[in-house]
Amino acid sequence: MTDGSGIFIGGGGPEFGTPQHLSLRYANRHGLIAGATGTGKTVTLQIMAEAFSAAGVPVLLSDAKGDLSGLAHAGRADHKLDGPFRERAATIGLTDFAYAAPPVTFWDIFGEAGHPVRATVAEMGPLLLSRMLELTEAQEGVVNVAFRLADEEGLALLDLKDLQAMLVRVGEMRTELSLRYGNIGVSSIGAIQRRLLVLEGQGASSFFGEPALDLADLMRHDGQGRGMVNILAADRLMSSPRLYASVLLWLLSELFETLPEVGDPDRPKLVVFFDEAHLLFDDAPPALIEKVEQVARLIRSKGVGVYFVTQSPDDIPEDVLGQLGNRVQHALRAFTARDRRALRLAAETYRDNPDFDTETAIREVGVGEAVTSFLAEKGAPGVVQRTLIRPPSSRLGPLTPEEHAAHVAASDLGGRYDTPLDRHSAFEALKARAEDAARAAAEAERTEAETEAAAPRAYSAARRYTGPRVGRSSSAPTRRGAAAGIGAALTRAVVKELGGTTGRRLVRGVLGGLFKAR
């Protein structure tokens with residue numbers, strides 16, 4: 001499986017007798033596993049995960065179809081493919097082939113098929129969150145304002161209800177905030193709230209929150225020094241492609257921002273496989289693609305190798321594709337003009353082998369075969385080879401539900417992530433503010449009402465003196481007092497009106513008439 005400096009992928013050359021290794025030293029230069037459906041991409045991903053683990057390199061992979069849970073159990077000699085596997089091992093010179101399983105930890109966004117994976121809203125950030133919600137530019141601007149306001153007011157954004165409460169706060173302050181950050185429309189806030197409601201219905205509420213994932217738990221080793229294989233269940237997640245893509249991009253960004261620089265290590269600190277990688281880039285805005293390309297270019301110095309698994313190389317943006325030095329290309333089917341162009345472009349990216357035509361080889365390789373090219377000395381692309389991929393040592397196919405549940409229950413990480421935590425954050429702080437304001441308003445109204453009610457009683461009881469009170473037998477003074485009171489009220493009303501917009505117009509009209517009369 002490994003010779004100490006590289007992992008064994010299969011046999012190439014004449015009769016498939018020449019070992020093909022992926023150098024551990026260049027494994028952080030990223031890679032690509034491509035090919036049409038049913039050509040063997042999943043098995044290639046499985047054998048690479050096994051090999052990296054055996055070499056002491058932790059692995060994180062997304063299991064888009066639920067086929068990779070079999071990594072947790074060793075293969076069996078009574079399997080129907082045991083005979084063909086052993087024949088293949090003999091053909092490619094794999095003399096130490098044996099069934100074994102790497103250490104595996106299962107993860108799941110929804111907490112059903114593994115330990116919950118959580119992140120806070122603040123960790124996700126406004127860019128990825130806006131893409132997840134498919135927001136317009138104006139709506140994305142409102143989300144950025146919400147993040148800025150939360151930062152200014154010291155409010156933690158941990159889960160979806162924090163963001164929802166913060167958007168309400170932005171709406172209440174929109175007049176003031178519009179002067180600082182540009183127009184904030186009520187319709188934009190409403191649209192974002194509706195998108196958050198839809199996202200919550202898709203299960204994202206279980207992703208946003210605490211305890212957040214500690215990246216160190218993805219880079220563990222077992223007692224034998226083997227790297228942990230972390231399998232992220234993504235079969236249900238695939239029904240929400242935006243959520244799936246955003247989670248994977250968040251993981252990549254967190255690794256880039258968290259891990260220290262290590263230069264060019266002898267082996268990677270972590271290898272990440274993104275299955276159905278085209279979902280990362282479908283309809284992605286240019287700014288996001290630029291961010292992925294930047295991370296892919298720089299994260300290798302953090303000791304992380306990123307491998308994209310997809311059907312065709314043209315699913316990957318050209319700037320990102322140029323960063324992928326290690327490639328395993330399974331068969332491509334050329335049924336349409338677009339397919340033929342993709343096939344030709346895929347062949348042109350390899351270093352030619354004089355023994356065969358690369359384009360023809362990509363079209364003709366069978367199931368379990370591939371055209372491979374791995375980085376050689378000084379990081380130069382190796383000559384392309386037709387390669388017979390080695391058989392897997394772990395089980396081919398998924399675990400049974402009972403086996404899966406037992407494996408998750410036996411994990412030592414259960415106590416750390418399985419119980420959600422709801423700390424005091426923006427939602428609770430804003431709710432407390434609103435309750436305090438409501439209590440203060442109610443208290444002020446009650447005090448005012450009590451004061452107004454107490455005034456006549458105090459006067460009648462002679463405990464309060466507000467002016468001369470002389471009793472008269474005649475009713476005339478009373479009428480004059482009433483008239484005076486009405487006149488005073490009318491005067492106050494006129495003054496108030498003159499102070500308003502209508503009053504100012506009236507004054508301007510009167511003054512204008514006076515000046516015209518002169």
Side-chain angles (χ1 to χ4, degrees), residues 62-64 106-135 139-140 142-147 149-151 155-171 188-215 217-218 230-254 279-280 408 413-432 434:
S62 58
D63 186 6
F106 289 104
W107 302 88
D108 184 7
I109 296 296
F110 306 103
E112 298 173 354
H115 302 302
V117 175
R118 298 188 187 91
T120 65
V121 170
E123 288 174 336
M124 177 64 70
L127 176 62
L128 289 181
L129 192 62
S130 297
R131 187 190 182 227
M132 184 187 298
L133 297 172
E134 302 181 55
L135 301 182
Q139 293 163 356
E140 182 179 347
V142 174
V143 172
N144 276 278
V145 171
F147 272 75
L149 183 61
D151 185 57
L155 300 174
L157 296 178
L158 302 181
D159 49 29
L160 284 184
K161 66 178 185 295
D162 289 331
L163 181 59
Q164 290 165 336
M166 204 66 224
L167 287 169
V168 172
R169 175 74 169 157
V170 169
S188 293
I189 297 175
I192 299 169
Q193 294 282 35
R194 289 191 295 273
R195 297 289 179 108
L196 287 174
L197 190 63
V198 172
L199 195 65
E200 189 175 7
Q202 293 176 348
S205 56
S206 58
F207 172 65
F208 290 107
E210 291 184 312
L213 176 66
D214 184 352
L215 295 180
D217 287 332
L218 300 179
N230 301 277
I231 300 178
L232 175 64
D235 46 349
R236 179 182 168 189
L237 195 58
M238 291 294 292
S239 61
S240 305
R242 291 281 179 171
L243 180 58
Y244 173 71
S246 299
V247 168
L248 296 185
L249 289 174
W250 163 75
L251 279 169
L252 197 61
S253 298
E254 284 294 297
L279 295 176
L280 300 175
V408 173
L413 292 179
R416 182 176 300 184
Y417 294 104
D418 293 352
T419 302
L421 175 65
D422 190 8
R423 287 195 297 132
H424 184 85
S425 51
F427 173 78
E428 290 79 11
L430 292 173
K431 181 180 178 182

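The structure presented is a predicted model; accordingly, all values stated were derived computationally and were not measured. Start at 1 with the first residue, then count along the sequence.
- No side-chain heavy atom of Ser425 sits less than 4.5 Å from a side-chain heavy atom of Leu157.
- Taking the ring-ring contact (aromatic ring centres under 6.0 Å, His included) definition, one finds that Tyr417 meets it with Trp107, sequence neighbours left out.
- Counting only distance, with no hydrogens or angles, the side chain of Gln193 and the backbone of Gln164 share a donor-acceptor pair below 3.5 Å.
- Considering only heavy atoms from C-beta on, Asp217 stays 4.5 Å or farther from Asn230 through its side chain.
- For Glu112, the side-chain hydrogen bond (donor to acceptor under 3.5 Å, both in side chains) partners at least two apart in sequence or on another chain are Arg236.
- In this structure, the side chains of Leu430 and Val168 stay at 4.5 Å or more apart for every pair of heavy atoms.
- With a 4.5 Å cut-off on side-chain heavy atoms, Leu248 and Leu279 do not count as touching.
- Taking each heavy atom of Ala146 and Leu167 in turn, the nearest pair found is CB-CD2, 4.1 Å.
- Legend: salt bridge (Lys or Arg N to Asp or Glu O under 4.0 Å) pairs involving residues 198-212, not counting sequence neighbours, sorted by first then second residue: Glu210-Arg423.
- Sequence neighbours left out, not one pair with a member in residues 113-130 passes salt bridge (Lys or Arg N to Asp or Glu O under 4.0 Å).
- Considering only residues two or more places apart in sequence or on other chains, Ser130 meets the side chain to side chain contact (heavy atoms under 4.5 Å, CB included) condition with Leu135, Glu140, Val143.
- The two residues Ala119 and Ala212 have their closest heavy-atom pair at CA-CB, 4.4 Å.
- Residues forming a ring-ring contact (aromatic ring centres under 6.0 Å, His included) with Phe208 (at least two apart in sequence, or on another chain): none.
- A search for side chain to side chain contact (heavy atoms under 4.5 Å, CB included) contacts involving Arg194 returns Ala191, not counting sequence neighbours.
- Scored by the side chain to side chain contact (heavy atoms under 4.5 Å, CB included) test, Asp159 finds Lys161, Asp162, Asp422 as partners (sequence neighbours excluded).
- Pro420 and Pro211 make their closest contact through CA-CD, 4.1 Å (heavy atoms, listed as atom of the first residue, atom of the second, distance).
- Evaluation of the side-chain hydrogen bond (donor to acceptor under 3.5 Å, both in side chains) rule for Glu254 yields no partner, not counting sequence neighbours.
- Partners of Asp151 by side-chain hydrogen bond (donor to acceptor under 3.5 Å, both in side chains), not counting sequence neighbours: none found.
- For Glu134, the side chain to side chain contact (heavy atoms under 4.5 Å, CB included) criterion is met by Arg195, Arg242, not counting sequence neighbours.
- In this structure Asp214 satisfies the salt bridge (Lys or Arg N to Asp or Glu O under 4.0 Å) test with no other residue, sequence neighbours excluded.
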